[in-house]
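So the structure is just underneath, and the comments pick up after that.
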Amino acid sequence: MSKKTLTLMSKDKQLFNIEEHLAVQSVTIRNMVKEDGASSVIPLPRVDSETLALVIEYLNRQQAPEEDEDYVKKFVDERGEIPTLLELAQAALDLDIKKLMDAACMKVADLIKDFTLEEVREALRIENDRTPEEEKAIRDEFQWAF
Amino acid sequence: MGRRNVAGEDDRMAGKVAGEGVTSSAALYQSLTHSLEIEIEIEIEIEIEMAEVELPDELIVQILSFLPAKSLLRCRSNYNHQTSHRTQTLTLPLPMFYSDGVEDPVVVLGFGYDKMSDDYKVVSLTYDWYSSSTRPKLPEFLAQKHFLKISVVGECLAAFYSSGLNFDGLQSGSTYMVMVMKEHKNPASWTMLYHIHYQDVDFGKPLRLRNNTDMVVELKNRDMIMFNHDEGSYVYVFRDGGEEEDFDYKTYVDRYEESLALLDVGDSVPNKEAMKALMMIENQAFTLSINLSLSEIEIEIEIETEMAEVELPDELIVQILSFLPAKSLLRWRSVSKSWLNLINSTKFKLMHLHNFNQLNPRYFVRRLDPFVDEEWFCVHFDDEDFTFDSGTQIELSFDSVNLCFWIVDCCNGVVCLSDYDEFNEYGFTLETIILWNPSIRRKLTLPLPMFYSDGLEYPYAVLGFRYDNISDDYKVVSLTYDEDSDTTRPQAEVYTVKTGIWIAIEIWGPKSSDSKWSHYSIMTFDITTELFGEFQLPWFLAREHFLKVSVVGDSLALIHSSGMKFDGLKSTGSTYIVMVMKEHKNPASWTTLYHIHYPDLDVGKPLRLRNNSDMIVELENRDMIMFNHDEFSYVYVFRDGEEEEDFDYKTYVDRYIESLALLDVGDSVPNKEATKAVMMVENQGMRL
């Protein structure tokens, strides 16, 4: 089998080339390739170019299987900022690259575990739909955890 | 740019933007009129009668111009946006000259609003640190002074000079001189507004003049003070500062003006390089303010706005939360309604149980404190050295009537404790059974088994505890014997958390009491089908007393220890035989894993095998040891034990699993006792 190259296009219309046998680590891409041979450009309308570059870097890794676990961990460790990690996790979710998504989520979890309510709402973009009274009632139940 | 001020704080014009912005923006106005009736009623809460004629546009515009930015954002569209109270930021590229060629570039930034072009502008002066030449013109007698600050009073530019810094040789007291330029752009009109000296206040950094010429000052301990020169008095705005070494003034005061500026300017994707440079610039801020005293560095403009980012997919949130400690999840149940529902859901609890604990494999140890005879818990990582996890504390905030609870078993984060009371002819009587989830500090007290409290003169109960993943339920099984009778069959019953009651079940399989002492076998109980069974022991262990059941990987394992004093041998080392049943439920597959003899150790009680088949053993002085049979070596986990009379093995080791189990059924454990327990543990920590 010859090494076929696929082209991925980010949200901001940048193009990235990647060998097909590496790209199909993404279940989403694998399914697309299966369906129509994916000869042309694969658009990824939810992934920006910065994030896609990271995903490509990850897919191109040349790690022995037994070192892969450590590599993935290090890979996300080096992107220690929550917004970047969330973008990465979201891209991995869309592309169905489970290992990468898990690793990014673990890292985010590790970074936010000591956050306060407000901080976690901010970090994960959650709207507060609790009244202060409701919040207090829930808080009182496990005061020690705060 | 004309009258823009390089000093950067002159944003007083921005104050009018909130009002004018609405009138001038046709697009915004358009979208407002679309769904006027509903919005006015819901959002602004002005009473209008439905089906009346529309209000004049002029009136609407007038009303809206008095509203906070947040309300306007809400009014903009009819459909219900996910809004969050974020601020909009716009990150700028670095000034071209700054990144271009100069060897030691220093940048001074200014920022203001240009009314003519309706635009915000940042001006940057980049120059080489060693060849600075540009100095803005100042009043003659201030022109050589360093500690200057520019502000605005009313419509006039003001400059104030402060002295009293240690640099001047003065240790206490402070002097401020405030000048205003009466006529716009006319340096000849510099006039002294006031000149004051405060003897009892250490010199601080003037931050701003209010319009009544009151001066806001940050002191060196970060207290903030407002001076009134008319009355020669001052009041504290903040008075919570502490002395710091390497003190650096960081307080900033300005008018808070709501505006819709930047609303329409693109996205807020951060440019990494710029962020990095911003930090650099901030680091230089202090140096700059001493040398030029004109610059305030401010590059971010903030207004309240609708969030620019879209919501994260639920799947991602769930995934992230599943990797978090139970404590964080408890705290965040009040983040939003959907999070509460999520965290309380069975599906999530199971996912969390799996994901978090796979990521954080740990053990807990229950010990009797060798000094004060109280039980305490500690957590260790499942690593090679069994490292102590100082970040996780387990508090048992209810007491056993004895030295410690008897731990029946623990499974999926729930520990089954039992307690025994008074001594009868045959032993202790069962007092209580408790299910306890240490990671969320919840406990559930069970009623005693029916048969136990029912008629037997000397009841004796054997308890078992497990989680049934088919019914998603925790179950306790009890076998009650009559100690006084060898002929009565034991009675079995099962308690499940979901039903909350004991239900009698049949005992199939194991023989009745006549074979009781002939040989041992392992009695099994299938937690799902609730059926009893029996395994044969390896033939050569079938008559041995000192056996311990454990698990290695997925296999059942058995530890036999000998060398105890019961054997008539005194301190001649210890022997352990470890067997595993290679095939599930097939006694023919019992295989010896290892067989070791340590001549230099008194035998202790094997507590558990780790997955690498290391064996954890409690010695007779309460030391705890970890054996590695491959290297024929052992390490001490605890080595603080002392010889005791009436020694009884009390140490318990098991996996520490964080889980949200019992969240909806258990009682929360009282608080004041918890405090006591913390102190205890801490005291012990020090001694250790």
Side-chain angles (χ1 to χ4, degrees), chain A residues 11-12 46 48-51 73 81-94 96 98 101-146, chain B residues 81-87 267-272 275 307-340 343 352 355-356 358-360 391 393 395 397 439-442 663 668-669 671 674-675 678:
Chain A
K11 177 166 75 179
D12 42 348
R46 302 216 298 184
D48 64 44
S49 58
E50 230 169 281
T51 308
K73 219 170 157 289
E81 283 167 18
I82 294 170
T84 315
L85 287 166
L86 287 176
E87 287 295 321
L88 191 61
Q90 225 170 324
L93 175 68
D94 284 354
D96 203 344
K98 180 135 179 44
M101 182 183 93
D102 277 357
C105 287
M106 283 179 208
K107 181 68 187 169
V108 172
D110 188 48
L111 290 172
I112 66 174
K113 63 172 184 271
D114 295 322
F115 276 18
T116 63
L117 283 184
E118 267 318 314
E119 287 166 341
V120 76
R121 282 184 193 126
E122 168 94 15
L124 300 187
R125 308 171 202 164
I126 303 298
E127 186 193 0
N128 180 11
D129 55 5
R130 289 276 169 208
T131 64
E133 293 76 33
E134 286 173 323
E135 202 175 302
K136 186 175 180 310
I138 297 171
R139 172 190 290 251
D140 285 349
E141 210 183 339
F142 288 98
Q143 193 60 49
W144 61 270
F146 284 83
Chain B
H81 259 316
Q82 286 285 341
T83 54
S84 86
H85 312 309
R86 294 176 65 84
T87 55
D267 48 32
S268 51
V269 181
N271 175 331
K272 238 186 216 164
M275 293 291 283
M307 68 185 182
E309 299 134 307
V310 282
E311 249 184 301
L312 292 169
D314 287 346
E315 210 178 330
L316 209 57
I317 302 265
V318 173
Q319 188 76 5
I320 291 169
L321 292 187
S322 74
F323 288 114
L324 282 156
K327 189 175 165 185
S328 308
L329 296 176
L330 285 182
R331 209 166 55 226
W332 296 345
R333 289 185 316 144
S334 47
V335 159
S336 73
K337 282 174 189 152
S338 58
W339 278 35
L340 179 65
I343 293 167
H352 170 257
N355 284 3
F356 177 81
Q358 195 178 40
L359 187 64
N360 300 281
Q393 268 148 15
E395 293 179 19
S397 45
S439 51
I440 61 168
R441 301 191 193 170
R442 278 267 158 134
L663 184 57
S668 57
V669 172
N671 248 337
T675 324
V678 175

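Residue numbers start from 1 in every chain, and the chains themselves are labelled A, B, ... in the order their sequence lines are given, proteins ahead of strands.
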Please report the interatomic distance [atom1]([X]) to [atom2]([Y]), rounded to the nearest 0.5 Å.
| X | Y | atom1 | atom2 | value |
| --- | --- | --- | --- | --- |
| Glu315(B) | Asp94(A) | CD | CG | 9.5 Å |
| Arg125(A) | Ile317(B) | CZ | CD1 | 8.5 Å |
| Asp102(A) | Phe323(B) | CG | CZ | 4.5 Å |
| Gln358(B) | Met106(A) | CD | CE | 7.0 Å |
| Ile138(A) | Lys337(B) | CD1 | NZ | 10.0 Å |

Does the side chain of Trp339(B) come within less than 4.5 Å of Val120(A)'s, by heavy atoms? yes
> Is there side-chain contact between Ile320(B) and Ile112(A), with heavy atoms separated by less than 4.5 Å?
Replying inline: yes
Side chain / backbone / both / neither for Leu124(A) at chain B, heavy atoms under 4.5 Å:
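Both the backbone and the side chain of Leu124(A) come within 4.5 Å of chain B.
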#### Entry: Which portion of Glu134(A) sits near chain B, non-hydrogen atoms under 4.5 angstrom
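Contact with chain B: side chain only.
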Fill in: Expected output: side-chain Arg121(A) to main-chain Val335(B) donor-acceptor under 3.5 Å
yes
- [ ] Answer yes or no: is there a donor N or O on one side and an acceptor on the other, between the side chain of Ser334(B) and the main chain of Arg139(A), under 3.5 Å?
- [x] no
Under 4.5 Å to a heavy atom of chain A? For Leu316(B) that would be both
